[in-house]
Every structure is written in structure tokens, then in C-alpha cells.
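Since the structure comes first, as C-alpha cells, the remarks are kept for the end.
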2 protein chains.
Amino acid sequence: MRADARRNRQSVLDAAYEILATEGLGVPIDEIARRAGVGAGTVYRHFPTKESLIEAVVLNRLHALTDKARSGIDFAEFFTVMVEAGLTNRAIADVLAGGGYQIPADADAALHAAFAELLQEAQQRGTIRPDVTPDDIQALVIGCVATARHRGATALVQVVVAGLRA
Amino acid sequence: MRADARRNRQSVLDAAYEILATEGLGVPIDEIARRAGVGAGTVYRHFPTKESLIEAVVLNRLHALTDKARSGIDFAEFFTVMVEAGLTNRAIADVLAGGGYQIPADADAALHAAFAELLQEAQQRGTIRPDVTPDDIQALVIGCVATARHRGATALVQVVVAGLRA
DNA sequence: CTATAATCGGAACGGTCGCCCCGTTTTTGA
DNA sequence: TCAAAAACGGGGCGACCGTTCCGATTATAG
């Protein structure tokens, strides 16, 4: 791979990460290209479709979240970490909410499984009510991100966490 | 006003109400026109802009909700009514979430005020925690609609309502 | 019944966006 | 250095959508 190609590829990734985080998945490819200092054609040579670029940018964020879930963190803490991730990074919020683009099933499943493990642990310890399922939690995260976006802060997440206690 | 014009106007309103409720604000005007059995030009003669059509359709829904809030209903009950309104009617959910189109400030303010009254009442009676504001409630409604949409039901709203109790 | 004016429908316009094409530039290895 | 190969960039295509335009149609007053 030629040196300039590798350099441009990285520029596109950096620009895409930055803009997708602040603007969400709706941002035009041309804007990412402009920010990266390349033409739109260059973006499409490195990433054959907009979806593939989004995937490349979002995947390691999801992996980082999965790692965080496996780092001995508490369920309630990780819940707020997820909401903060969605609040900080609009692209994350959009993919969690299933907004148009799909993420590889395995990455989604890994995050889901890690989160489910934390939930089950907390339920066995008796700190979280036993009648909520992992899918419920995912839906609540999405809702909390929507809530937090409209208040510009995550303070209200504590209301939901309080409602989750046993 | 000519008879056919009045008839077409009503057809457009009916079709728009139906499609906007199921598809949300993103539906093209052409589709509403087709469903109403008229041309797109006819829609635009009666409603100069897409926003004005949406406004005409959504406004009386919001007024109905405001009336419901003033009908002696309980705060927690009305909270679930609002979420159900957003779940049943995508257009309502979209405007509540501020999705692109704006609603006249007075209708929004009336609903907001009625909801705030219910909240204050419940807080004085000691059933709802005193540290949440009316704006918090609106944000929580939006979040609950997002949650409910991803689970296809409003059962999880009870988690949030539980978290709201004093 | 007919003239007039209101109304109609759908083709057309302008703007946006994802994606492709291709003449031009740049890298690279011999 | 230089020629082949790789990469570049931006104009252009097709699709979608809100909105406008205008020739054809239809309701209604006299």
C-alpha cells in the first residue's frame, strides 16, 4: 500500500470519527472528505460504502465499551457509562437506536452478552429488580440517551437507575 | 369554497393523519397525496407547506392530550398516557422529540403547563420525588417513548415511574 | 346551457446525497 | 531518472423530496 494512500486512509478515519461523533450518522460523505482534506472519490476507494466507513469508526468504540463491561465494573455504573457514550458520541447513539445503519451482529452480541452478565450478577446480589431482561436494559439505555440529549446531561439517568433497584 | 375543494381538503387531512401516525414525519407529500386520491399540487393548495399540514394534523392531538391532563387524571397515569400517545402515533413522538418540525409555542406551552400542574400536585402530596422539574418530565417522556418503541410495549415505563416515586 | 373562475393533477424544478468515472497527479522501484 | 502502476479529486449520474407551474377539468352563478 502506497504511503500517501495509508496517510489519506487515516485522515479519513480521523475526520469521520470526529464528525460522526458530533453530527451523527446523517452527515454527508462530502463533508467528511472535506474535513479530511481529500476528495469524495478517495473516501470511496478506501471504504466502498458509507456504511462500511461508519462500521470502521463505530466498531472499536463498541469494543471499548465491551472491554469496559468486562473490567469488573458495577452494573449501575456501566449503565451510566453506556448512556454517557451515547450522549458524547451521536454515532454511538444512532447505532444503538438502530438508526438506519446496522452493525455486525457479533460486536453487538458481545456487548449485549457482557451487559447481560453484569445484570445477572446484580440481580443475584439482589440490588436490581429481577423482572427486567437484558433486552429491557438495552431499550432503557436507548431511552436514557434520548432523555439525556433533551436535558443536555445525564443526571436523570439516576431516576431510571433508582427505578431499577430491587 | 367549492364543494370538491372542501372534500379534497378533508381527504388530505384524513390521509395525512393516518400515514403520519404510522410512518412519522418523514413520509413524502406525494404518498399522502396518493393515499388521499389527489395530486401533490392539490395538497399544496390547501396547505402551503409540509410543515403546515403536519401542524394541522398534530395540533388537535396535542389539544386532546392537554384536555386529558385537565380531566382530573393522576400524574403517573398521565405520564403513561403521554408515552402511549407517542407509541401509537409516530408523528406525536417526532414532534415531542423536536424532530425537524416545530409546533406552535402556545400549544406546546399549554400541554407543558397542564403537565407541570399535575407534577406539582403529586409532589405536594408526596408521591413523586421533589427534585424533578417539569422539563425533566418532558425529557423522560421522550426517553420512555424511545424505550417503548424498541420493546414494542409500554411495560418498561413502570420502571421509570417507580424511579420517580418519592 | 354557458361563461367564468376556481380547482385539479402531475410534470418539472432545484437542492441534497450516495456513489461512480476518468483525466490527472503522485509514488515507487529499477 | 523515468515509466508503470497506484491513487487522487471533483464533476456527474441517478434517486429522492419539497415545492411550483400550467394546461386541462370541473363546479357554479346567471
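So you know, we letter chains A, B, ... as the sequences are listed, proteins then strands, and number each from 1. Bear in mind that the values here come from a model prediction, so they are computed numbers and not experimental data.
- Using cut-offs of 30° and 60° for the angle between ring planes, the B:F115 and B:F75 rings count as tilted.
- Nearest nucleotide to the side chain of A:K50, out of C:dC19, D:dG9, C:dG9: C:dC19.
- Judged purely by distance below 3.5 Å, without hydrogens or angles, the side chains of A:Q138 and B:H150 never pair a donor atom with an acceptor atom.
- Sequence order on DNA chain D of the closest nucleotides to B:Y44 and B:D4 puts B:Y44 first from the 5' end.
- Each of A:R7, A:R2, A:R6 was evaluated against A:D4; a single residue qualifies, A:R2, per the side-chain hydrogen bond (donor to acceptor under 3.5 Å, both in side chains) test.
- Distance CG/A:L164 to CD/A:Q123: 9.5 Å, rounded to 0.5 Å.
- In terms of phosphate contacts, A:T49 brings no side-chain nitrogen or oxygen within less than 4.0 Å of OP1 or OP2 of C:dG18.
- Residue-level contact check: A:V27 touches the backbone only, with heavy atoms under 4.0 Å from sugar-phosphate atoms and none from bases.
- Mapping A:P48 and B:M1 onto DNA chain C by nearest heavy atom places B:M1 at the nucleotide closer to the 5' end.
- Classification of B:R35 and B:E18 as a salt-bridged pair holds, one side-chain N sitting under 4.0 Å from a carboxylate O.
- Between the C1' atom of D:dT20 and the CD1 atom of B:I29 lies a distance of 14 Å, rounded to the nearest Å.
- Atom pair B:L53:CG and D:dT19:P shows a separation of 10 Å (rounding to whole Å applied).
- The 5' end of DNA chain C is approached more closely, in terms of each residue's nearest nucleotide, by B:D30 than by the other of B:D30 and A:L25.
- Here A:T147 contributes atom OG1 and A:I142 contributes atom CD1; the two are 12.0 Å apart, rounded to the nearest 0.5 Å.
- Summarising the geometry, the separation between CZ on B:R9 and P on C:dG9 is reported as 16 Å, rounded to the nearest angstrom.
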Please tabulate the protein-to-nucleotide N/O contacts below 3.5 Å involving nucleotides 13-16 of chain C, giving atom names and distances.
none

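- A sub-4.0 Å separation between OP1 or OP2 of C:dT7 and a side-chain N or O of B:H46 is absent.
- Counting to the nearest Å, the C1' atom of D:dG18 and the CZ atom of B:F47 are 16 Å from each other.
- Phosphate proximity of D:dA7 to A:N8: absent, as no side-chain N or O sits under 4.0 Å from OP1 or OP2.
- Evaluation of atom-type donor-acceptor distances gives no pair under 3.5 Å for the side chain of A:R2 against the base of D:dA7.
- Per the geometry, CZ belonging to A:R45 stands 13 Å off C1' belonging to C:dG23, to the nearest Å.
- When all heavy atoms are compared, the tightest approach of A:K50 to A:I29 is CG-CD1, 3.7 Å.
- The shortest distance between the side-chain N/O atoms of B:T42 and the OP1/OP2 oxygens of C:dT7 is not below 4.0 Å.
- Distance A:I32 CD1 to D:dG10 C1': 17 Å, rounded to the nearest Å.
- In A:E51, the CD atom is crowded: over 12 heavy atoms of neighbouring residues, nucleotides or ligands sit closer than 6.0 Å.
- Taking only side-chain atoms of A:A3, from C-beta outward, the nucleotide of D:dT19, C:dC8, C:dT28 with the closest atom is C:dT28.
- As a whole-Å value, the separation of B:E23 CD from D:dC17 C1' is 16 Å.
- Nearest-nucleotide assignment on DNA chain D puts the 5′-proximal partner with B:A40, out of B:R7 and B:A40.
- The listed nucleotides are C:dG18, C:dC8, D:dG9; the one nearest the side chain of B:A5 is C:dC8.
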